[in-house]
Amino acid sequence: MKLSKKFYQSNDVVQISKDLLGKVLVTNFNNQLTSGIIVETEAYRAPDDKACHAYKNRKTERTKTMFEAGGIAYIYLCYGIHHLFNIVTSTEGNAHAVLIRAIEPIENVELMLKRRNFSTSKPQLTAGPGVLTKALGITTSNNGLDIMKKNSPIWVEDRGVEVPKNTMIASPRVGVGYAEECATWPWRFRIKNNRWTSNAK
DNA sequence: CACGGGATCGTCT
DNA sequence: GACGATCCCGTGT
């Protein structure tokens with residue numbers, strides 16, 4: 001039920017981004033489990049994708065994580081505030097990753113509310129890449145973590161949630177205006193009519 | 001509801 | 001020294 005090497009190390013990051021819809025992202029920090037269904041993702045793919053941090057296979061202290069074999073976490077700080085969670089895919093040397101953009105809360109909503117300083121549950125709790133990590137307790141200190149490993153505090157499960165193809169919506173990625181022609185690539189995926197996705201643009 | 005700006009800091013030039 | 005793979009809150013309608 002935990003996704004394994006075979007899932008993460010395929011070379012088609014766009015397909016993996018679609019396949020992740022309906023899978024369940026789980027964290028367990030300090031013996032406190034929280035989880036949610038992945039309802040929105042984005043694909044990033046070096047070397048040709050200008051929106052990807054590793055465009056042209058640019059390898060730096062930050063991006064070197066993306067070049068590792070699939071199945072590890074790539075987490076970085078955005079705008080000095082938000083911790084963005086990606087899953088590295090493909091095999092070693094291919095810098096591909098899927099950004100998790102929104103989840104539908106399942107387990108331990110109370111703890112997620114507390115982490116977000118919310119009093120009641122609403123879509124803004126976990127709709128958006130920077131806020132779902134806060135709700136799940138994920139930070140940049142988890143960068144490089146092997147999420148396939150036993151006892152990893154972060155992992156993804158298949159719980160048999162079916163997401164029919166005709167309920168998946170593809171659209172351009174957000175916040176990547178600088179990526180020129182790549183900014184229009186329809187590499188953002190979401191589940192149709194799901195109220196837990198971040199706002200459409 | 002749309003829009004605009006401030007927050008805040010690691011990363012790369 | 002500039003700028004984000006964002007979010008939140010204030011203002012105006």
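What you see below is based on every heavy atom in this structure, not just the backbone, and it leaves out hydrogens, waters and symmetry mates. The sequence lines fix the lettering, A, B, ..., with proteins before strands; numbering per chain opens at 1.
- Atom-to-atom, CG of A:L132 to P of C:dA5 comes out at 17 Å; the value is rounded to the nearest Å.
- Among the heavy atoms of the strands lying under 4.0 Å from A:R62 are primed sugar atoms or P, OP1, OP2 only; no base atom is included.
- Results of the side-chain contact (heavy atoms from CB on, under 4.5 Å) test with A:L25 over A:T34, A:I37, A:I38 single out A:I38 as the only residue that passes.
- As a whole-Å value, the separation of A:Q124 CD from C:dT6 P is 17 Å.
- Per the geometry, NZ belonging to A:K50 stands 18 Å off C1' belonging to C:dG4, to the nearest Å.
- Looking at A:W155 and A:L3, their side chains never come closer than 4.5 Å, going by heavy atoms from C-beta outward.
- In this model, no donor atom of one side chain and acceptor atom of the other lie less than 3.5 Å apart for A:N143 and A:T140.
- Scanning DNA chain B 5' to 3' for nucleotides with an atom closer than 4.0 angstrom to a non-hydrogen atom of chain A gives a first and last hit of B:dA7 to B:dT13.
- In this entry B:dG4 has C:dC9 as its Watson-Crick or G-U wobble partner, both defining distances falling under 3.5 Å.
- At whole-Å resolution of the value, CZ in A:R188 and C1' in C:dT6 are 12 Å apart.
- Atoms CZ (A:R173) and C1' (C:dG4) sit 15 Å apart, rounded to a whole Å.
- Taking atom P in both B:dC3 and C:dA5, the straight-line distance is 22 Å, to the nearest Å.
- Contact annotation for A:L99: base contact, defined as any heavy-atom pair under 4.0 Å involving a base atom.
- Atom OH in A:Y76 sits about 13 Å away from atom C1' in C:dC3, given to the nearest Å.
- Evaluation of the salt bridge (charged side-chain N to carboxylate O under 4.0 Å, His left out) rule for A:D49 yields A:R173 as partners, not counting sequence neighbours.
- With the nearest nucleotide of DNA chain C identified for both A:R116 and A:V176, A:V176 has the one nearer the 5' end.
- Tracing side-chain contacts under 4.5 Å through hydrophobic residues (I, L, V, M, F, W, Y), one never reaches A:I154 starting from A:L84; they form parts of separate clusters.
- Atom CZ in A:R101 sits roughly 9 Å away from atom C1' in C:dT6 (whole-Å rounding).
- When the P atom of C:dC7 is taken as reference, atom CG of A:L77 falls 13 Å away, rounded to whole Å.
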- request: For salt bridge (Lys or Arg N to Asp or Glu O under 4.0 Å), just list the numbers for A:R195 and A:E104, CA-CA rounded to whole Å, side-chain angles, deciding distance to a tenth of an Å, and then say yes or no.
  value: CA-CA 8 Å; A:R195 62 189 289 258; A:E104 174 177 338; over 6 Å; no
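- Interface remark: the A:H82 side chain does not form any donor-acceptor pair with the C:dA5 base, using a distance-only criterion of under 3.5 Å.
- Residues meeting the side chain to side chain donor-acceptor pair (under 3.5 Å) test with A:T167, sequence neighbours left out: none.
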